[in-house]
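Note on naming: letters A, B, ... go to the chains in the order of the sequence lines (proteins, then strands), and numbering restarts at 1 for each one.
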Amino acid sequence: MDKSEYRIEYFEENGFVRKDCKKCSSGFWSRDPDREVCGDAPCETYSFIGKPIFKEKTADEIRESFLAFFESHGHTRLKRYPVVARWRDDLYLNIASISNFQPFVTSGKVPPPANPLVISQPCIRLEDLESIGKSGRHLTTFEMMGHHAFNKRGVEELYWKNDTVRYCDEYLKQLGVDMDSVTYKEAPWMGGGNAGPCLEVVTGGLELATLVFMDLELTQNGGVTNIEGQWYKKMETYIVDTGYGLERFVWASKGTPTVYDAIFPEMIHELLTLAGREHPLETHREQMEDIARLCGVMKKKEIAKKLNLTPGFVKTVIEPIEAVYAVADHTRCLAFMIADGIVPSNAKEGYLARLVIRRSFRMLKTLTIDTPLEELVISHIKLLRNSFPELEQYVDRISEILSLEKTRYEETLIKGERIAKQKLKEYSAIGKMPLDASIKIYDSHGIPPEVIVEIASESGDGVAVDIPDDFYSQVAKMHAEEKKGEVDPVVVSQKERTKTLPKTLKLYYDKPTETEFEATVLDTFDDFIVLDKTLFYPEGGGQPADTGFLTTFAGSDGPELRVEDVLSVDGVILHKVAGAANSIDKGASVRGRIDYQRRMAHVRHHSAAHIVLWAARTVLGGHVWQAGAQKGEDRSRIDITHFKRISREERSEIEMLANKMVMRNEVIGVHIEEKNEAEKKYGFCLYQGGVPASKEIRIVQLGAGEDVQACAGTHCSKTGEVGPIKILRTERIQDGIERLWYSAGEAAVRAIQAREELIAKSAAVLKVPQEKLPATVERFFEEWKQLKKDNERLREELAELRVGWLKGHAKVINGMNVIADVLPDTDTKGLMKIAAQLAEAEFLTILMSKQDNHVSVVSSVPAIHKTRISASVVVKRVCEVLGGGGGGTPEIAQGGGENVANIEEALLTGLRVVEEESL
RNA sequence: GGGCUCGUAGCUCAGUGGAAGAGUGCCUCCUUCGCGAGGAGGAAGCCACGGGUUCAAAUCCCGUCGAGUCCA
């Protein structure tokens, strides 16, 4: 990145000098002309530990001072956004204050909610999960305080680099920071397809803030700037994106050895008390501070070596406090995650929550704390009540979810340990378990390698388990990286083609009940026709496209084209027709007619989706969120987040509530509202079906606001029009997500009728009244089982009788008693019983039985003769004659074939085989 | 979103093409003053469901349902 990007007037006017760091060679700006290093770790150790940078402040004080400072400089204060980034499909968690405004505000498609603005945004990053508690500075959850200015080229600039640096300098000065110690380090920034110059604000070895000047975006073919092999070009917008680490400021003001001791000392105290331990800061203050100073510079092992820490000291003093720090951090993370609606799961953001939960369980176990995790999370929520009072609303949900998670975790452990033990046993002969075996146990059953090692040492089989340091990265490598979805070339060409066309007027919103319309053809290409206006609803929001016909006005013999599909490309609606689209000229007038039955079915199902979602949220709780939906003519589905299976009772309750909403015949209101206004008014639950990329959004409201969603679908005007709603079934498509299948309107009636038909038919077969069906079916099933047993017993008796009879018909071949016969009315199983008994009585047998188109063959050889001849060989040879095959053990074998006519020949073959082979 | 593992007696699980098994629990009897313990016998299975391959499927293949787990 060009050096000139960092020539900022403010620096020059205020006596800053630019230098290159002696250690990392990065450029930096400082007031101190003698400074040689950039000031950031690892070029400099933490000098603020034990020596705070400014007067001690709490998190609440810092946050308020920051927000107030920028408010007084013309910024609008915004409330926090959720920690789960539901408005983004490329992120699960909110990782930065700018995330709130990506991608549509940063790209200029949607205006910012205020400009400039200031916010303190709780963020969650789990990349360094393993370092949490150990590094002294990593947190899963942190508040990023940011002031943002969204500038657009050609419009008057709000402010850019100069004011951003000035604000920063003034804010630090106001806090009482020694300004000579502050450095601004040049550090080009990139992320999420954007990039720009950036200044890191550092003091005392600690990076306090990052000032990003985002003005570049990724481009495919040779842009203006190349950063690390990627080409970037200037954006239409240029954005001030700053991130001030709230926790860092608090830490700097307290000078504690770790950020944890600065942020949640009360939580640490509580955990230590529960664990019956003392804080090493009280017992070993000097050592703890020495360690802390080096933490930014070197690894734990190196520190231990340098400071001569004994392994015993590490184990008994350092490791427990690290676990305490981690739990204190995780409880805060979980409070935000669950309160903001994440349901623990085995996929997506739910998996991330479970990761943190299970790590917490493990830490609590090593600390021998048996206080339930939910109680600790609730403790932490109490500490946060001033800044985040909303968290307290969710304590019941948090309790329920976490205690459920505990149960599940314990079950997984018990089960997994058993599997691990078994696997270890398998390898006891070799004496060691190979790596791929332990990877598999972890991958399939969730048993971490440490636990396997523990089990191995307890079992005493002496099986060595080899766990390399890069175990987890090997696991990750195994899961081959999936290909990034490239933009469909068809879509690209459609976009190119429709770029110059005006947006199609959407008649289906204004006249949702009409079926015919007239319009003018604007363009035709491929199979597509573009009109100036249309009633045809394009596929979107889980609602399928309309179908129907387009007819020209050229008399009765004008071509009629069937519309098979309709799609919207950036507001231009394409009608895909069967046949040649270019048979209609540009500029021609056409009449369109939609399939009304189909449309109405979709309309009912769409309104029903909103009603069912509302009902589910009412019955199951506020954590319920739509996780996908698809409408159809006969049935539709809606996926919702929920932490356990929906019971039959709950399902009935949801269904009843939904139908009550129908019967109340509430108005389904539709209006257009400015996006930022709507968000303020209704919150993010607007976006159940995704976030529209526009300034104004269409809002669909149920009744008095029971359910309010941003939705582009066609709807009934009153709930009564939806008709009956029948929930057909629930299915768990993944842990934490339930899929509800339902039908509405006529389809619901048909579904109910179909079920009734099923019951009626079943009852008719059994000749019982419908209400007796369950009892009768049970009786039949029981009787069937009984008959099966009786049958088995009779078979046994029959076999015994036949054995007696057959014994009298034995031939002697080479000194062996041989019985060869065809038995009526039996099968392989029956033959086996007889053959086995005869073998016991030292008879060699070749038995056959004829069924419809099949001959079963069984041969048995008594144990005393098994070295002379194999039953398996006899059966094989016999079955060859029958055109089949067979096999088994030397003592008893079975087979068969289809050439029923050869049965006599097969018998003779059997005898011959015995005679020849047994010699 | 992409993988991996698993569904067998009430419970915990063996069995991986050739007769449905073990441990535990349950029932009966013996032993004992009684309990524990021990001994003998017994009951208990749509081998998750539906297709396919095969002479033959709990076992192999495909699909469905259910459960667990890892990665992004």
Side-chain angles (χ1 to χ4, degrees), chain A residues 89-93 126-127 345-349 351-352 354-355 358 408-409 411-423 425-426 436-437 439-449 471-485 627-628 644-645 729-735 737 739 780-782 784-789 792 795-796 799 827-837 839-840 848-849 851 853-860 871-872 875-876 878-900 906:
Chain A
D89 48 16
D90 54 339
L91 282 181
Y92 293 125
L93 298 171
L126 300 181
E127 289 84 358
S345 162
N346 53 10
K348 302 189 176 177
E349 70 273 11
Y351 173 70
L352 300 176
R354 186 166 284 172
L355 212 61
R358 296 200 166 177
R408 285 184 179 149
Y409 178 60
E411 279 167 11
T412 293
L413 273 190
I414 290 168
K415 208 166 182 172
E417 279 172 15
R418 231 177 358 233
I419 290 165
K421 260 181 209 159
Q422 234 168 291
K423 285 276 170 216
K425 220 173 196 173
E426 276 176 36
D436 58 341
I439 286 183
K440 187 140 198 172
I441 292 172
Y442 173 66
D443 201 40
S444 302
H445 305 286
I447 301 303
F471 180 89
Y472 290 101
S473 58
Q474 289 209 34
V475 172
K477 214 193 285 171
M478 238 179 46
H479 297 272
E481 208 178 303
E482 66 177 296
K483 270 180 246 161
K484 278 271 173 202
K644 55 185 178 191
R645 293 305 308 256
R729 59 176 304 209
T730 63
E731 128 188 67
R732 198 171 83 141
I733 57 164
Q734 87 184 206
D735 202 5
I737 296 184
R739 174 165 289 176
F780 269 70
F781 188 51
E782 290 305 317
W784 172 78
K785 285 199 275 192
Q786 192 53 49
L787 287 172
K788 222 173 78 155
K789 273 178 237 163
E792 188 76 7
R795 232 190 248 276
E796 209 89 37
D827 56 8
T828 311
K829 222 171 181 181
L831 295 179
M832 289 288 282
K833 283 194 194 306
I834 297 166
Q837 289 190 33
E840 204 120 311
M848 294 189 207
S849 127
Q851 291 115 48
N853 294 313
H854 180 83
V855 180
S856 297
V857 181
V858 170
S859 171
S860 63
S872 176
V875 164
K876 273 200 180 92
V878 170
C879 291
E880 268 170 34
V881 180
L882 294 167
T889 67
E891 288 182 69
I892 195 157
Q894 57 281 100
E898 256 130 55
N899 294 341
V900 181

Legend entry - Euclidean distance for P, A9(B) against G21(B) (whole angstrom): 14 Å
Inset, instruction - Pick out which of Leu831(A), Val858(A), Val878(A) makes a side chain to side chain contact (heavy atoms under 4.5 Å, CB included) with Met848(A). - result: Val878(A)
Inset, instruction - Take the protein atom CG of Asn346(A) and the nucleotide atom C1' of G66(B), then report the distance between them rounded to whole Å. - result: 13 Å
Legend entry - Residue whose closest nucleotide on RNA chain B lies nearer the 5' end, His854(A) versus Arg418(A): Arg418(A)
Inset, instruction - Select base, sugar-phosphate, or nothing to describe what Glu411(A) touches, counting heavy atoms under 4.0 Å on all strands. - result: nothing
Inset, instruction - Would you classify Arg358(A) as touching base, sugar-phosphate or nothing, given that sugar-phosphate means primed atoms plus P, OP1 and OP2, and contacts are heavy atoms under 4.0 Å? - result: sugar-phosphate
Legend entry - Side-chain ion pair, Glu782(A) and Lys785(A), N-O less than 4.0 Å: yes
Legend entry - Side-chain N or O of Arg645(A) closer than 4.0 Å to phosphate OP1/OP2 of A67(B): yes
Inset, instruction - Kindly point out which of C46(B), C55(B), G68(B) is positioned nearest to the side chain of Phe781(A)? - result: C46(B)
Legend entry - Any Gln734(A) side-chain N or O less than 4.0 Å from OP1/OP2 of G1(B): no
Inset, instruction - Whole angstrom is fine here: how far is it from CD1 in Ile441(A) over to P in C70(B)? - result: 14 Å
Inset, instruction - Give the nucleotide from the list C55(B), C4(B), A67(B) with an atom nearest to the side chain of Arg732(A). - result: A67(B)
Inset, instruction - Quickly work out the His445(A) NE2 to A67(B) P distance and round it to whole Å. - result: 17 Å
Inset, instruction - Provide the closest heavy-atom pair for Ala835(A) versus Ser860(A) in the form atom of the first, atom of the second, distance. - result: O-OG, 3.0 Å
Inset, instruction - Using a 4.0 Å heavy-atom cut-off across all strands, classify Gly446(A) as base, sugar-phosphate, or nothing. - result: sugar-phosphate
Inset, instruction - Mind calculating the distance between CG (Leu787(A)) and C1' (C46(B)) to the nearest angstrom? - result: 14 Å
Legend entry - Interatomic distance at P, U53(B) relative to U16(B), whole Å: 25 Å
Inset, instruction - Looking only at side-chain atoms of Ala836(A), point me to the closest of G66(B), A19(B), C55(B). - result: A19(B)
Legend entry - Rounded distance (Å) that lies between atom P of A56(B) and atom CD of Gln894(A): 12 Å
Legend entry - Gly887(A) versus Val875(A), closest heavy-atom pair with distance: N-CG1, 4.1 Å
Inset, instruction - For residues Ile737(A) and Ala627(A), report the shortest heavy-atom separation together with the two atoms involved. - result: CD1-CB, 3.9 Å
Inset, instruction - Starting from P on C4(B), measure out to NZ on Lys423(A) and report it in whole angstrom. - result: 16 Å
Inset, instruction - Check every atom of A19(B), G1(B), U5(B) against the side chain of Ala347(A) and return the nucleotide holding the closest atom. - result: G1(B)
Inset, instruction - Describe the nucleic acid contact of Tyr442(A) in one word from base, sugar-phosphate, nothing, applying a heavy-atom distance below 4.0 Å. - result: sugar-phosphate
Inset, instruction - Could you give me the stems involving RNA chain B, meaning stretches of three or more consecutive Watson-Crick or G-U wobble pairs whose two defining distances are both below 3.5 Å? - result: B:1-7 with B:65-71, B:10-13 with B:21-24, B:26-30 with B:38-42, B:48-52 with B:60-64
Legend entry - Interatomic distance at C1', A58(B) relative to U24(B), whole Å: 22 Å
Inset, instruction - Determine the interatomic distance between P on U59(B) and the same-named atom on U8(B); round to the nearest Å. - result: 13 Å
Legend entry - Closest contact, heavy atoms only, Gln734(A) versus Ala347(A): OE1-CB, 3.5 Å
Legend entry - 5'-most by nearest nucleotide on RNA chain B - Lys829(A) or Val855(A): Lys829(A)
Inset, instruction - Identify whether the distance between the nearest side-chain nitrogen and carboxylate oxygen of Lys833(A) and Asp827(A) falls below 4.0 Å. - result: no
Legend entry - side-chain N/O Thr412(A) vs U69(B) OP1/OP2, d < 4.0 Å: yes
Inset, instruction - Taking only the side-chain nitrogens and oxygens of Arg354(A), find out if one of them lies under 4.0 Å from OP1 or OP2 of U69(B). - result: yes
Inset, instruction - Run the salt-bridge test on Glu349(A) and Arg354(A) with the 4.0 Å N-O cut-off and return the result as yes or no. - result: no
Inset, instruction - Look at the side chain of Arg408(A) and decide which nucleotide, out of C13(B), A19(B), G68(B), has an atom nearest to it. - result: G68(B)
Would you be so kind as to tabulate the donor-acceptor pairs closer than 3.5 Å made by side chains of residues 413-420 of chain A, with sequence neighbours excluded?
none

Inset, instruction - Select one nucleotide: of C70(B), G66(B), G68(B), the one nearest the side-chain heavy atoms of Arg729(A). - result: G66(B)
Inset, instruction - Just call it for Ala893(A): base, sugar-phosphate, or nothing, with non-hydrogen atoms closer than 4.0 Å on any strand. - result: nothing
Inset, instruction - Evaluate the side-chain contact (heavy atoms from CB on, under 4.5 Å) criterion for residues His854(A) and Val900(A): first the C-alpha distance (whole Å), next the side-chain angles of each, then the deciding distance (0.1 Å), finally the verdict. - result: CA-CA 6 Å; His854(A) 180 83; Val900(A) 181; 6.0 Å; no
Inset, instruction - Report yes if at least one side-chain N or O of Lys788(A) is closer than 4.0 Å to OP1 or OP2 of C46(B); otherwise report no. - result: no
Inset, instruction - May I have the distance from Leu91(A) (atom CG) to G1(B) (atom C1'), rounded to whole angstrom? - result: 15 Å
Legend entry - Rounded interatomic separation in angstrom, taking CG from Leu93(A) and P from A72(B): 13 Å
Legend entry - Contact under 4.0 Å: Lys789(A) side-chain N or O vs A44(B) OP1/OP2: yes
Legend entry - Shortest side-chain distance from Lys440(A), nucleotide among A72(B), G66(B), C4(B): C4(B)
Legend entry - P spacing across the pair C47(B) / G41(B), given as an integer number of angstrom: 27 Å
Inset, instruction - For G63(B) versus A72(B), give the span between their C1' atoms, rounded off to a whole number of Å. - result: 27 Å
